[in-house]
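All of these numbers come straight from a predicted model, not from anything done at the bench. Chain naming here is simple, since letters A, B, ... match the order of the sequence lines and numbering starts at 1 in each.
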There are 2 protein chains.
Amino acid sequence: MAADKAQKRRIFVNDENCPIRNVVSHIGDKWSLLILFSLVDGADRFNSIKARVEGISQRMLTQTLRDLERDGYVNRTVYPEVPVKVVYELTDLGRGLAKPAWGLVSWANQHLEQVKNARAQYDQESES
Amino acid sequence: MAADKAQKRRIFVNDENCPIRNVVSHIGDKWSLLILFSLVDGADRFNSIKARVEGISQRMLTQTLRDLERDGYVNRTVYPEVPVKVVYELTDLGRGLAKPAWGLVSWANQHLEQVKNARAQYDQESES
DNA sequence: TTAACTTAGTATACATTAGTAACTAACACT
DNA sequence: AGTGTTAGTTACTAATGTATACTAAGTTAA
C-alpha cells in the first residue's frame, strides 16, 4: 500500500502496437538511418546513394530501401530510360521521422566523447 | 559549376567517430531502449527488469545491461547479500540519452498507424 | 556483329550477431 | 539431503549482414 515508491511500468514488447517494436527497431538497423539522412538533402538515385553511404553493399541497399519504402518513408520511381533510372526520395512521413531521429543523432554527436571514454575505462577495468 | 543543386554529403560510416555507428546503432538493437526506459522510473534489480521487459531472456538482459554499462548509460551495483542483489540504475549520461530517445519513440507512437497502413498497402500491392 | 559498358538489381555462399533452453554458483531454509 | 533464491554462463539454433559473382535490357565502339 505504501505509495512512496512509484509503480513501475511493465513494458509490453510483444504488443503488436508497440512503437519501439514497430518503428524504432526497424530504423535501428545498420543502414536505415544512414540512407534516410542521405535522402534529406533531396532525391537521389540508387548508385549515387550507394556511393555516398560508405561501405554499403548492393544487397543491403536494395533491401533497406525496400523496407523504408514498405514503411512509407521513401518513394521509389522508375524511369524506363536506358539504362534504367531509379530515383528514391523521402515522403512527408520520412521527413517527419528524420526530425526526432536527427535529435538522437545530434545528442550522440555531442556525447560521443563521453561514451568513448566510458567504454575505454570499462575495457581497461575488465582486464584481469 | 552550377550551384543550383546543393552539394550532397557523403556519409562516412566507417569513420570511428561516426555517431550513428558509435551510439545510435548500439542503442538501436532489440532491447537497449526498452531497458533504458524501464530504468527511467528508478533503479531496479536484474530479475525485476526481466519481469517488466516482456519476453527478454536472461542472456540478452545480461548482455544488453553489460553493453549499456560499458557505454556509461547504466551503473551496476552488487550487494553481497544472500542471495546476491544486483541493482542497475541510469547514470546522468543515460538519463540524457533517454530524452532524445523518447522523442523518437513518441514520434513512432503518434505515427504508428500511418506506418502500419503504408505497410499493409505495400504488401497488398506486391501480391501478384 | 559481337564485345564491352551502363544501371539496378538477384543468387549464392559464408560470417556475424541475436536468441533459446538448459545448466551453474553460492548460499539459506527445512 | 533436498528445495529455493538470484544472477548469471554455456552450448546450441535462428536471423541478419557481407562478399562476390551473376543477370536483364539495352547503347556505344571496333
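For A:Thr62, whose side chain is taken as the heavy atoms from C-beta onward, the closest listed nucleotide among C:dG9, D:dG8, C:dA8 is C:dG9. Distance from the side chain of A:Pro83 is smallest to C:dT6 among D:dT5, C:dT6, C:dT20. Of the candidates C:dA18, D:dA7, D:dG26, the closest approach to any side-chain atom of B:Gln63 belongs to C:dA18. The side chain of B:Arg59 lies closest to C:dG19, out of D:dA21, D:dG17, C:dG19. For A:Lys30, whose side chain is taken as the heavy atoms from C-beta onward, the closest listed nucleotide among C:dT10, D:dA7, D:dT18 is D:dT18.
Rounded to a whole Å, the CE atom of B:Met60 is 15 Å from the C1' atom of D:dC12. The nearest whole Å value for the distance from the CZ atom in B:Phe46 to the P atom in C:dA26 is 18 Å. Atom CZ in A:Arg66 sits about 18 Å away from atom C1' in D:dT16, given to the nearest Å. Separating the CD atom of B:Glu69 from the P atom of D:dA7 is a distance of 14 Å, rounded to the nearest angstrom. Nucleotide D:dA7 holds its P atom 14 Å from the CD1 atom of B:Ile56, rounded to whole Å. Atom CG of A:Leu65 is separated from atom P of C:dG9 by 8 Å (rounded to the nearest Å). Atom CD in B:Glu81 sits about 13 Å away from atom P in C:dC27, given to the nearest Å. Atoms CG (B:Leu61) and C1' (C:dT20) sit 15 Å apart, rounded to a whole Å.
Residue B:Trp31 has no polar side-chain atom (N or O) positioned under 4.0 Å from OP1 or OP2 of C:dA18. Contact between the side-chain N/O atoms of B:Arg76 and the OP1/OP2 oxygens of D:dA7 is not found at any separation under 4.0 Å. When the side-chain nitrogen and oxygen atoms of B:Lys50 are compared with OP1 and OP2 of D:dG8, none of them lie within a distance under 4.0 Å. Within the 4.0 Å cut-off from OP1 or OP2 of C:dA8, at least one side-chain nitrogen or oxygen of A:Arg45 is found. A close approach under 4.0 Å does occur between a side-chain nitrogen or oxygen of B:Tyr88 and OP1 or OP2 of D:dG8.
Nearer the 5' end of DNA chain C, as judged by each residue's closest nucleotide, is the contact made by B:Asp67, out of B:Asp67 and B:Val82. Heavy-atom nearest nucleotides on DNA chain D were determined for A:Gln58 and for B:Lys85, and the one closer to the 5' end corresponds to B:Lys85.
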Given side-chain contact (heavy atoms from CB on, under 4.5 Å), test A:Phe46 with A:Leu65 step by step and report yes or no. CA-CA 9 Å; A:Phe46 186 88; A:Leu65 282 169; 4.1 Å; yes

Could you walk me through whether A:Val23 and A:Tyr73 pass the side-chain contact (heavy atoms from CB on, under 4.5 Å) check? CA-CA 11 Å; A:Val23 178; A:Tyr73 303 129; 3.5 Å; yes

For B:Arg45 and B:Val86, what are the C-alpha separation, side-chain angles and deciding distance, and is it a side-chain contact (heavy atoms from CB on, under 4.5 Å)? CA-CA 6 Å; B:Arg45 309 179 52 173; B:Val86 180; over 6 Å; no

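Checked by atom type and distance alone, the side chain of A:Arg76 never pairs as donor or acceptor with a backbone atom of A:Glu69 at under 3.5 Å.
Side-chain atoms of A:Asp67 and A:Thr64 include no donor-acceptor pair closer than 3.5 Å.
Here A:Arg52 pairs with A:Asp44 in a salt bridge; the nearest charged N to carboxylate O distance falls below 4.0 Å.
Among the atoms of the strands shown, none is found under 4.0 Å from any heavy atom of A:Ser57.
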